Peer 1: 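Below you will find the structure I want to go over with you.
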Amino acid sequence: MFFKKKVTERNLPTHIAIIMDGNGRWAKKRGLPRSAGHVAGAKTFKTIARYCNKIGIKYLTVYAFSTENWKRPQKEVDGIMNLLRDYLKDAENFKGENIRLKFIGNLEPLADDIKELIVKDEADSADATGLTVNIAINYGGRDEITNAVKKIVQSGIKAEDITEDTISSHLYTSDMPDPDFIIRPSGEYRLSNYLIWQSAYAEYWFSDVLWPDFLPKHLEQALDDYNKRNRRFGGV
Ligand code: IPE
Ligand code: IPE
Ligand code: MG
């Protein structure tokens, strides 16, 4: 009995991944431009990241812009990039929060000033020991795997030496555990090219709440559900 886990003790995921979806519909419902939805969504992101840090989550990976999102009107893309800029400039103000910032995705096509801010913010927060926030920008799971294969071939690794670990270690997420829990709000039931390799054994949670309306209480509902899941990883 001495070793028995207290029933009240919650089994929290180490790594939560969120598809921050529904900003456009949130704005439309209010007769606002889509850009207003992205502004609201960015606020939600900050609230949820702080909350994850507070309750002791180690990794939070958020989908902010996909490799497919370039298809959107230029004005919308510019608006999202400006929000990213503001966030990166503002990161100074979160220094006391012990949050480590990281970016995943193909950052090459981003504007030079954004890339410089990313390098600076990652370096400035590198020693934080609380939550690691990974922001996925120009991220696509297929693009990531394609790039990994290119890097593996270029490095001259022999085909017979390639293992699952070889692939994992060439992904943007090489230095973190796979997501345990993937949350998608906004009533869509798909991954949209998110973490497709890493999510092989993740638990999923869907909700009709639009991302700008997503509150810590919704995350709590999700975590309560996660706590009841029985992850078997193919075993019994
Ligand atoms: C998610 O919200 C944000 C991005 C994809 C950048 P959407 O903009 O996709 O919102 P909906 O899905 O159109 O409501
Ligand atoms: C996924 O949402 C990408 C992000 C949230 C950044 P989308 O709105 O782009 O996905 P689809 O088009 O509904 O699949
Ligand atoms: Mg969407």
Side-chain angles (χ1 to χ4, degrees), residues 15-49 51-52 59-88 90 101-111 114-115 117-118 132-147 171-173 176 179 181-199 202-215 218-219 222:
H15 185 171
I16 298 176
I18 303 182
I19 302 172
M20 305 190 292
D21 197 17
N23 297 350
R25 279 163 285 170
W26 182 91
K28 195 172 176 201
K29 259 174 57 181
R30 286 164 178 73
L32 297 168
R34 291 179 62 85
S35 58
H38 296 312
V39 171
K43 283 201 188 110
T44 298
F45 156 64
K46 286 184 209 164
T47 305
I48 295 298
Y51 189 76
C52 284
Y59 296 89
L60 170 69
T61 301
V62 293
Y63 208 1
F65 193 85
S66 76
T67 46
E68 287 72 37
N69 287 148
W70 298 105
K71 290 179 202 158
R72 297 186 178 203
Q74 190 61 42
K75 209 176 122 202
E76 181 171 348
V77 172
D78 289 346
I80 294 168
M81 292 300 159
N82 279 331
L83 278 172
L84 173 61
R85 233 179 227 111
D86 290 347
Y87 177 75
L88 286 162
D90 208 28
L101 256 191
K102 291 257 299 166
F103 286 80
I104 61 168
N106 177 9
L107 306 180
E108 196 40 47
L110 302 180
I114 290 184
K115 282 190 275 195
L117 283 164
I118 287 177
T132 295
V133 172
N134 297 300
I135 303 186
I137 294 279
N138 191 25
Y139 174 87
R142 288 186 171 185
D143 185 58
E144 179 182 37
I145 295 168
T146 305
N147 287 331
L171 301 176
Y172 300 124
T173 51
M176 64 191 85
F181 197 31
I182 297 188
I183 295 174
R184 183 163 195 163
S186 93
E188 310 294 356
Y189 303 91
R190 53 180 174 259
L191 273 182
S192 301
N193 206 7
Y194 196 38
L195 301 172
I196 52 178
W197 171 278
Q198 298 88 336
S199 63
E203 296 292 323
Y204 292 81
W205 196 81
F206 299 99
S207 156
D208 287 338
V209 174
L210 302 171
W211 177 245
D213 291 328
F214 199 91
L215 298 167
H218 299 115
L219 183 63

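Predicted, not measured: the structure shown is a model, and the values here were computed from it. Just follow the structure's listing: the first ligand is 1, and inside any ligand the first atom is 1.
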Peer 1: Could you note down all residue pairs passing salt bridge (charged side-chain N to carboxylate O under 4.0 Å, His left out) where residues 59-69 supplies at least one of them, sequence neighbours left out?
Peer 2: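 Counting only pairs at least two positions apart or across chains, no salt bridge (charged side-chain N to carboxylate O under 4.0 Å, His left out) contact touches residues 59-69.
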Peer 1: Can you find an N or O of Trp26 that's nearer than 3.5 Å to an N or O of ligand 1?
Peer 2: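 So ligand 1 has no N or O lying under 3.5 Å from an N or O of Trp26.
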Peer 1: Below 3.5 Å only, please: the N or O atoms of ligand 2 paired with protein N or O atoms, distance on each line.
Peer 2:
from	atom 1	to	atom 2	distance (Å)
ligand 2	8 (O)	Asp21	OD1	3.2
ligand 2	8 (O)	Arg72	NH2	3.3
ligand 2	9 (O)	Asn69	ND2	2.9
ligand 2	9 (O)	Arg72	NH2	3.4
ligand 2	10 (O)	Arg184	NH2	3.4
ligand 2	10 (O)	Ser192	OG	3.3
ligand 2	13 (O)	Arg190	NH2	2.8
ligand 2	14 (O)	Arg190	NE	2.8
ligand 2	14 (O)	Ser192	OG	2.6

Peer 1: Can you tell me how far apart CD1 (Ile18) and CD1 (Ile48) are? Round to the nearest 0.5 Å.
Peer 2: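 Rounded to the nearest 0.5 Å, the CD1-CD1 separation comes to 6.0 Å.
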Peer 1: Decide side chain to side chain contact (heavy atoms under 4.5 Å, CB included) for Phe103 and Leu88; before the verdict, give the C-alpha distance in whole Å, the side-chain angles of both, and the deciding distance to 0.1 Å.
Peer 2: CA-CA 11 Å; Phe103 286 80; Leu88 286 162; 3.4 Å; yes
Peer 1: Can you list the protein N, O or S atoms less than 2.8 Å from the Mg ion (ligand 3)?
Peer 2: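 The answer, once waters are left aside, is Asp21 OD1.
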Peer 1: Under 4.0 Å, heavy atoms only, figure out whether ligand 1 is touched by the backbone of Lys28, its side chain, both or neither.
Peer 2: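 No part of Lys28 is near ligand 1 at this cut-off.
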Peer 1: Okay, side chain of Arg184, backbone of Arg190: is any donor-acceptor separation there less than 3.5 Å?
Peer 2: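 Confirmed, Arg184 side chain pairs with Arg190 backbone.
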Peer 1: Table please: side-chain donor-acceptor pairs of residues 206-215 below 3.5 Å, with sequence neighbours left out.
Peer 2:
from	atom 1	to	atom 2	distance (Å)
Ser207	OG	Val209	N	3.0
Trp211	NE1	Gly41	O	3.0
Asp213	OD1	Trp26	NE1	2.9

Peer 1: Would you confirm whether Tyr139, through its side chain, and Leu195, through its main-chain N or O, come within 3.5 Å as a donor-acceptor pair?
Peer 2: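 Yes.
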Peer 1: A quick test of your reading: do over 12 heavy atoms of other residues, nucleotides or ligands sit less than 6.0 Å from CZ of Arg30?
Peer 2: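 Yes, because the 6.0 Å sphere around CZ of Arg30 holds more than 12 heavy atoms from other groups.
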Peer 1: Does NZ belonging to Lys43 count more than 12 external heavy atoms closer than 6.0 Å?
Peer 2: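 No, NZ of Lys43 has 12 or fewer neighbouring heavy atoms, counting only those of other groups under 6.0 Å.
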Peer 1: For Tyr87, is there any backbone N or O sitting under 3.5 Å from a side-chain donor or acceptor partner on Asp90?
Peer 2: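 No: the side chain of Asp90 does not pair with the backbone of Tyr87.
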Peer 1: Taking Pro185's backbone N and O only, do any of them form a donor-acceptor pair with Asp21's side chain (distance below 3.5 Å, no angle check)?
Peer 2: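 Not at all, since once roles are kept as given, no pair shorter than 3.5 Å links the two residues.
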